[in-house]
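Shown next, in structure tokens, is the structure this report addresses.
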Amino acid sequence: MKKGKVDVQHIAQLARLHLTPEEEKELQKHLDRMLEYVEILTEVDVSDVEPMAYPHEGSQRLRSDTPRPGINRNEALGIAPDEFFFLYRVPSPLKGVKDKS
Amino acid sequence: MAADYEVIIGLEIHVELDTQTKLFCGCSREYGRDPNTQICPVCLGYPGALPVLNQEAVRKAVLAARALGARIHRRSYFYRKNYFYPDLPKGYQITQYTYSLAEEGALEFEFEGQKRRVRIERMNLEEEAAKSFHTDDGYTLLDFNRSGIPLLEIVTYPDLRSPAEARTFFTRLRQLLRYLRISPCDMEKGHLRADANISVRKPGEPLGTKVELKNLNSFKALEEGLRYEVQRQIQLLESGGRVVQETRLFDEDEGVTRPMRTKEEAHDYRYFPEPDLLPLDLDPKFLEEPLPELPDAKRERFIRDYGLRPDVAEVLTLERETAEYFEALIQGLTDIEQAAHWVANRVLGHLKGQAITAFPIRPEGLRELLRLVETRKITLNKAKDVFEKMLDTGKSAAEIIEEEGATVIASEDVLQTIVDEVIRENPELVEKYRKGKTGVIGPLIGQVMKKTKGSADPQVVRSLLVARLEA
């Protein structure tokens, strides 16, 4: 398959999406077009403009370090697909590996 | 063969900050509670839950950055680091990326008689993931009590040159963090963890391929894991192979490193600014808070002001609490050196690594005992005995001595009488002494001690005897 601007397979893998070849082709078309559109922005000269991480003014307010009650364990585990002795149970992501730090 | 290679190590260290609540929510983060009892929508990663930053975590992180001489950014940002792992149900970890909290610090320490300086590249605040346990039947079990605990990430430049040096650096960093009281740094509880980047090269050659080493969660594991990896890489290169860039886990039981089995996706975390958190502008109060006296300065001051031997000063300043105990103890004492030895040998010896804050004899109690020695009310040997009894019974030195009555040293008058008595009773020994066999003073002292039931100061007895014998 011809490589477009976007590596759809890679992105799909990162997002855990399983795409059929047809879907992949279709998404390739859409994403490439979106990127082309966004690329118009690169025509603007921003050499004098300071980089901006946020569009708003202001900064975050901090919270005092005072404990507050959370939610009930039974309630939380009640909506989980599976549990085991008050622990959430999920399929292991890394078979054969003892621990991940 | 190994001598031909230069070893290059950088560390990435994670410290759990000692706060009451988590980094972005008000859940308690107490260690050892029942699983999943300290959880809320924020730390469970429920959609729509909004993070609010804990100011105490910021304060503690800034304290560490300042103690490491790092350049602190008055404004820093939080980012989302995207990856899939069950211990992180949001699908991203909130961390800092560009515009870290602080960068360009350094830690200086002594290693094998040399002054070393290891530079810190950056320091970031980030959230801890949930604790996961992998079962033999292919499941992962998750406890979210740990999810969201504040972490301080400290990344060094690759300035370390051997596994032993890495261990010393890690020890010194832990000491500093404990001095700052920002984390207990109990490695068994996972408060402090290290990953390493390690490569080898022949001097003058470009940097070798680096391997990331994980699971180095004790001082011993850090040194042994790195040592194994150095040997593995050198042997690989010597046999004509090449080092593959990969992440390896250290297996402490078997003393080997193994490649970590991951999906082949390369590190592509797609960092982007966390839209739920505005920039962090540091309140100047965080930058003005006085720093405590740090280990090196304290050790130097102990040597300079108290005339302590460097090794004794080192032992007394390993922990801030020990140094504080010692300085409380010596208020009003004249024999500082003796007090230092009592703390370094008897107190620490008795504690065997436990915290001095829990030691049953408080500085005032020990001071009372040492003052009795200084004023020659009791002998040093007697003091050691009383010290043990204080530990056994919880009674004060005065109480124990009062109960035992006769243990107070006899006055010099009384001693003089006993000395004269012993001289009268031992004409042969006296004769020998006067003929030059001065060694017989030992048995003479012994007899005086026996008559005083061990309560006399042997040095006083000796000088009284000598005065009489040489008269």
Side-chain angles (χ1 to χ4, degrees), chain A residues 6-19 31 34-35 38 50-101, chain B residues 14 19-21 24-28 34-41 43-44 52-58 75 77 82-87 98-99 130 132-135 138-144 193 195 214-215 217 249 251 260-263 265 268 270 273 275 277-281 283:
Chain A
V6 175
D7 187 343
V8 173
Q9 272 185 350
H10 179 61
I11 292 175
Q13 196 193 9
L14 290 175
R16 301 290 192 276
L17 294 175
H18 300 287
L19 304 175
L31 289 170
M34 285 179 211
L35 221 62
V38 174
E50 241 185 81
M52 178 182 72
Y54 289 85
H56 345 265
E57 289 292 311
S59 52
Q60 57 180 302
R61 289 178 58 183
L62 304 185
R63 175 175 55 80
S64 82
D65 188 26
T66 316
R68 292 202 319 198
I71 58 175
N72 181 282
R73 175 166 73 179
N74 294 334
E75 201 183 319
L77 288 166
I79 57 170
D82 193 11
E83 64 159 297
F84 184 74
F85 286 100
F86 303 115
L87 294 157
Y88 288 88
R89 180 155 74 172
V90 297
S92 180
L94 298 170
K95 291 199 180 79
V97 173
K98 271 202 218 150
D99 199 9
K100 173 202 171 275
S101 68
Chain B
H14 288 96
T19 52
Q20 296 294 307
T21 66
F24 294 118
C25 61
C27 286
S28 166
D34 276 356
N36 292 311
T37 51
Q38 301 177 140
I39 51 173
C40 79
C43 54
L44 286 170
V52 188
L53 185 59
N54 180 346
Q55 64 175 13
E56 184 61 10
V58 176
R75 168 168 278 203
Y77 299 95
N82 297 280
Y83 64 90
F84 285 99
Y85 205 82
D87 60 13
T98 48
Y99 303 97
S132 52
F133 312 89
H134 302 289
T135 66
Y139 287 101
T140 292
L141 305 173
L142 295 157
D143 176 7
F144 282 85
R193 313 193 287 270
D195 299 331
K214 286 184 173 283
N215 228 15
N217 296 331
L249 278 181
D251 184 330
M260 196 167 146
R261 282 222 267 152
T262 49
K263 303 278 162 66
E265 70 202 88
D268 184 353
R270 295 158 291 148
L277 289 167
L278 285 168
L280 170 61
D281 285 327
D283 189 321

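Only a predicted model underlies this, so the values are computations on that prediction, with no experimental measurement involved. Letters A, B, ... mirror the listed sequences (proteins, then strands); counts begin at 1.
Between A:F84 and the choices B:L142, B:L141, B:T135, the side chain to side chain contact (heavy atoms under 4.5 Å, CB included) rule is met once, by B:L141. Each of B:Y139, B:F144, B:F133 was checked for a ring-ring contact (aromatic ring centres under 6.0 Å, His included) with A:Y88, and the lone residue meeting it is B:F144.
If you measure heavy-atom distances from B:F24 to chain A, the contacts under 4.5 Å come from the backbone alone. When heavy atoms are compared at a cutoff of 4.5 Å, A:S64 approaches chain B by way of both its backbone and its side chain. Neither the backbone nor the side chain of B:D283 comes within contact range of chain A; no heavy atom of the residue lies under 4.5 Å from a heavy atom of that chain. There is no contact between A:I11 and chain B, counting heavy-atom distances below 4.5 Å.
When the candidates A:E75, A:R73, A:R61, A:E83 are compared by the number of heavy-atom contacts under 4.5 Å with chain B, A:R73 comes out ahead. Between chain B and the options A:N72, A:V90, A:L77, heavy-atom pairs under 4.5 Å are most frequent for A:V90. Taking chain A as the reference chain and counting heavy-atom pairs below 4.5 Å, the highest number among B:C25, B:A130, B:P275, B:C43 is found for B:C25.
Counting only distance, with no hydrogens or angles, the side chain of A:R68 and the backbone of B:G26 share no donor-acceptor pair below 3.5 Å. At distances below 3.5 Å, at least one donor-acceptor pair connects side-chain atoms of A:D65 with backbone N or O atoms of B:Q20.
Taken to the nearest 0.5 Å, the OG1 atom of B:T37 stands 11.0 Å off from the CG atom of A:N74.
Smallest separation of non-hydrogen atoms from B:C40 and A:I71: CA-CG1, 4.0 Å. Of all heavy-atom pairs between A:G58 and B:P279, the closest is O-CD, 3.6 Å. Across A:S92 and B:T140, no two heavy atoms sit closer than the pair CA-OG1, 3.2 Å.
For B:Y77, the OH atom sits in a packed shell: over 12 heavy atoms of surrounding residues, nucleotides or ligands are nearer than 6.0 Å.
In this structure A:L17 satisfies the side-chain contact (heavy atoms from CB on, under 4.5 Å) test together with A:A12, A:A15, A:L19, sequence neighbours excluded. Shown here are the salt bridge (charged side-chain N to carboxylate O under 4.0 Å, His left out) partners of A:R89, two or more places apart in sequence or in another chain: A:D82.
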Task: side chain to side chain contact (heavy atoms under 4.5 Å, CB included) between A:R63 and B:T21, intermediate numbers included - done: CA-CA 10 Å; A:R63 175 175 55 80; B:T21 66; 3.0 Å; yes

